[in-house]
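Step one of this worksheet: look at the structure below.
Scope of the values below: all heavy atoms of this structure, side chains included, with no hydrogens, waters or symmetry mates.
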Amino acid sequence: MGYAMVNRLIYLRFYLIYLVCCAAFLIIDFFCSLSVMVRHRFYMISVGMILFWHLLFNIYNVYLSGAMAYFTIVTAIFFFSGFLMFKPFYTIISLGVCYLTYIWFINPIFSVGEIVNFSVTICLCILMYLIRYKHLRIEISQANQMREVQQELTDAQRDFRLTIEQYEMIREQESSITFEWDIQEDWIRFSKEWKHYFDHPESIPQFYDFIKNLEQLSSSHKEILLTCMRNIKKGVPYQKYEFMLPVKNGGNRWFEIRVITQTNKQSEPVLGIGILSDITDRKDRISQLEKEIQMDLFTGLLNKASIERYGKRKLSELREGEKLAALIVDLDDFKDINDHYGHPIGDYVLKEAADILRHHAPVGARIGRIGGDEFMVLLIGCNISCMETYAEEVISKIPRIHWNGIEVSPSCSMGLAVASTPNVSYDELYRKADEALYHAKQLGKNRLYTTFSEQTENN
């Protein structure tokens, strides 16, 4: 009875250890946040401990009850190799260690036939494991291939849908040419709108060399296109440029190009897809608007803001030896002309004076209206004597203005200031020209008075 009680206590300890290990496994697995790799190793160690427990339990059981009790370890080995799936190295090592340890401990008790049977059983379990592992690898490989095929189909559908959306966006513009450039093949294909502008075919191979050797294209605009193509090859996602192209009627038109780079699954650029839009009319409208913004609509000269911007820019760009001349022209007693003859005649005199200033101006001069009857003429150069000659000619022409045979006899006074250093600001130059104008009026009007940034001279 005492011997049996000891055995029962040993069995009880075995099962208590088993219970504690299973409880610890469940607690760690449920409550601990483990990474995939750590969790996998944790499972391997846990299953190895369970197999080791069965090994020790069966060794004790064999010593206690004889060789016929070894079937429990066989059940554990069968479960380990038949239902669990770890890497072959770990599984074979675990089964091998279990087998050698078990044989070493129970060799004195087992007969040769029992050892052979146990060895055959272990080999069959390993063979069963390897067959299952091979089939599982095949199944996993096939499943991965299916997922890759499905992903490629999804990517292709998405890419196709994206291309359709791009072309729908393109088609909204009437004068747009769509194109698709295959980077690998260096082959470009244009939509039918291409033939409306150009004599070249809609499909052009070796497109990079075609652009490079196109003689009708200017070097600057050619470089824009070549840079765009190089950027597509680099994978730049979006580009937008404006340039001029020769068209089939012999003229040149402005075009805007917008390009999107398409990539494959490996994020490698494969296509350049975009539009080529005729923006000549838009360019002309913008140019016209810019002129209107800068223009005094009444006289057709530059307005005050535009002539000031020009003067400030030219002063900042003055080089050694250059001078900037500022001539202020003011119609003498213009209010009296309006009061005596009426505003229509006064307006006529203003427009005629503006025409005289514009018609006789030196090459490179800029003329603006800076007040009601006041004008500014700016000229940059090395010799300002031509400005003085110009002023004298205008002074002689202004009094000859007539309106329907009526001798209005207007006159003008002028103040000329010259800056020869970029350190002189536009406001200072304007002030000196205005002071010169004041001196001209003080001297009796209808004359020119000149001042320099370093000295003052009377004329």
Side-chain angles (χ1 to χ4, degrees), residues 145 147-284 286:
Q145 289 177 359
R147 279 195 295 268
E148 289 177 0
V149 170
Q150 291 174 351
Q151 185 63 42
E152 289 176 358
L153 288 174
T154 302
D155 291 342
Q157 290 173 354
R158 185 180 65 249
D159 291 342
F160 181 74
R161 183 168 58 251
L162 180 61
T163 302
I164 291 296
E165 291 170 356
Q166 292 168 351
Y167 276 88
E168 287 299 325
M169 175 190 69
I170 290 168
R171 293 297 183 184
E172 292 176 0
Q173 303 187 25
E174 294 181 358
S175 58
S176 294
I177 302 167
T178 64
F179 63 86
E180 179 181 279
W181 179 49
D182 189 311
I183 299 174
Q184 187 68 27
E185 299 293 334
D186 192 18
W187 194 298
I188 196 166
R189 299 169 182 84
F190 295 97
S191 63
K192 64 181 185 306
E193 290 82 7
W194 172 262
K195 299 298 292 182
H196 177 71
Y197 292 95
F198 307 100
D199 282 328
H200 306 293
E202 297 176 10
S203 182
I204 303 175
Q206 303 299 317
F207 188 62
Y208 189 90
D209 291 337
F210 173 81
I211 293 297
K212 194 173 181 180
N213 299 324
L214 191 60
E215 296 180 356
Q216 299 94 325
L217 202 60
S218 69
S219 57
S220 59
H221 293 156
K222 183 181 297 185
E223 184 59 30
I224 290 175
L225 286 173
L226 295 177
T227 300
C228 178
M229 297 173 72
R230 288 192 289 265
N231 288 339
I232 294 173
K233 290 183 177 181
K234 295 177 183 177
V236 176
Y238 177 75
Q239 300 178 79
K240 178 180 176 182
Y241 301 99
E242 293 181 0
F243 51 87
M244 188 176 290
L245 292 177
V247 293
K248 65 182 182 180
N249 63 5
N252 292 290
R253 295 189 71 83
W254 279 97
F255 289 87
E256 177 187 80
I257 185 172
R258 287 182 286 167
V259 186
I260 298 173
T261 302
Q262 290 273 300
T263 58
N264 58 17
K265 189 172 62 175
Q266 289 77 33
S267 298
E268 299 170 341
V270 293
L271 293 174
I273 297 176
I275 58 176
L276 190 66
S277 302
D278 184 355
I279 59 169
T280 305
D281 293 341
R282 187 175 75 190
K283 276 279 191 182
D284 292 342
I286 291 174

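Counted by atom type alone, Trp254 and Asp281 present zero donor-acceptor pairs between their side chains at under 3.5 Å.
Residue Asp186 holds its CG atom at 8.5 Å from CZ of Phe207, rounded to the nearest 0.5 Å. Distance check: Asp182 CG to Ile188 CD1 gives 10.5 Å after rounding to the nearest 0.5 Å. Rounded to the nearest 0.5 Å, atoms CG (Leu276) and CD1 (Ile257) are 5.5 Å apart. Separation of atoms CG (Leu217) and CZ (Phe210) is listed at 9.5 Å; rounding is to 0.5 Å. Taking CD1 from Ile183 and CE from Met229, the interatomic distance works out to 9.0 Å, rounded to the nearest 0.5 Å. Atom NE2 of His196 sits about 11.5 Å away from atom OG of Ser191, to the nearest 0.5 Å.
A donor-acceptor contact shorter than 3.5 Å links the side chain of His221 to the backbone of Met244. The main-chain N or O of Val259 is never found under 3.5 Å from a side-chain atom of Gln239 such that the two would form a donor-acceptor pair.
Taking 4.5 Å as the limit, some side-chain heavy atom of Asp278 sits within range of a side-chain heavy atom of Arg253. Annotation: side chain of Thr280 is not in contact with side chain of Asn252 (no heavy-atom distance under 4.5 Å). When side chains are defined from C-beta on, Ile232 counts as touching Trp181, because their heavy atoms get closer than 4.5 Å. Within the 4.5 Å cutoff, no side-chain heavy atoms of Tyr241 are placed close to those of Leu225. For the pair Thr261 and Pro269, the minimum side-chain heavy-atom distance is below 4.5 Å.
Counting non-hydrogen atoms of other residues, nucleotides and ligands closer than 6.0 Å to CD of Gln266 gives a total above 12.
Contact between Ser277 and Ile275 at its shortest, heavy atoms only, is OG-CD1, 3.8 Å.
Note on residues 216-239: pairs passing salt bridge (Lys or Arg N to Asp or Glu O under 4.0 Å), not counting sequence neighbours, are Glu223-Arg230. Pairs passing the salt bridge (Lys or Arg N to Asp or Glu O under 4.0 Å) check and including a residue from residues 194-210, sequence neighbours excluded, do not occur.
You'll find the ring centres of His200 and Phe190 outside the 6.0 Å limit. For Phe255 and Tyr197, the distance between ring centers is under 6.0 angstrom.
The salt bridge (charged side-chain N to carboxylate O under 4.0 Å, His left out) search around Lys240 returns Glu256, not counting sequence neighbours.
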Determine, stepwise, if the pair Glu242 / Arg282 fulfils salt bridge (charged side-chain N to carboxylate O under 4.0 Å, His left out). CA-CA 12 Å; Glu242 293 181 0; Arg282 187 175 75 190; 3.7 Å; yes

Which is it for Gln206 and Trp187 under the side-chain contact (heavy atoms from CB on, under 4.5 Å) test, yes or no, and what are the steps along the way? CA-CA 6 Å; Gln206 303 299 317; Trp187 194 298; over 6 Å; no

Could you go through the side-chain contact (heavy atoms from CB on, under 4.5 Å) check for Gln184 and Val270 one step at a time? CA-CA 7 Å; Gln184 187 68 27; Val270 293; over 6 Å; no

Applying side-chain contact (heavy atoms from CB on, under 4.5 Å) to Ile177 and Phe198, what does each step give before you reach the verdict? CA-CA 11 Å; Ile177 302 167; Phe198 307 100; 4.0 Å; yes

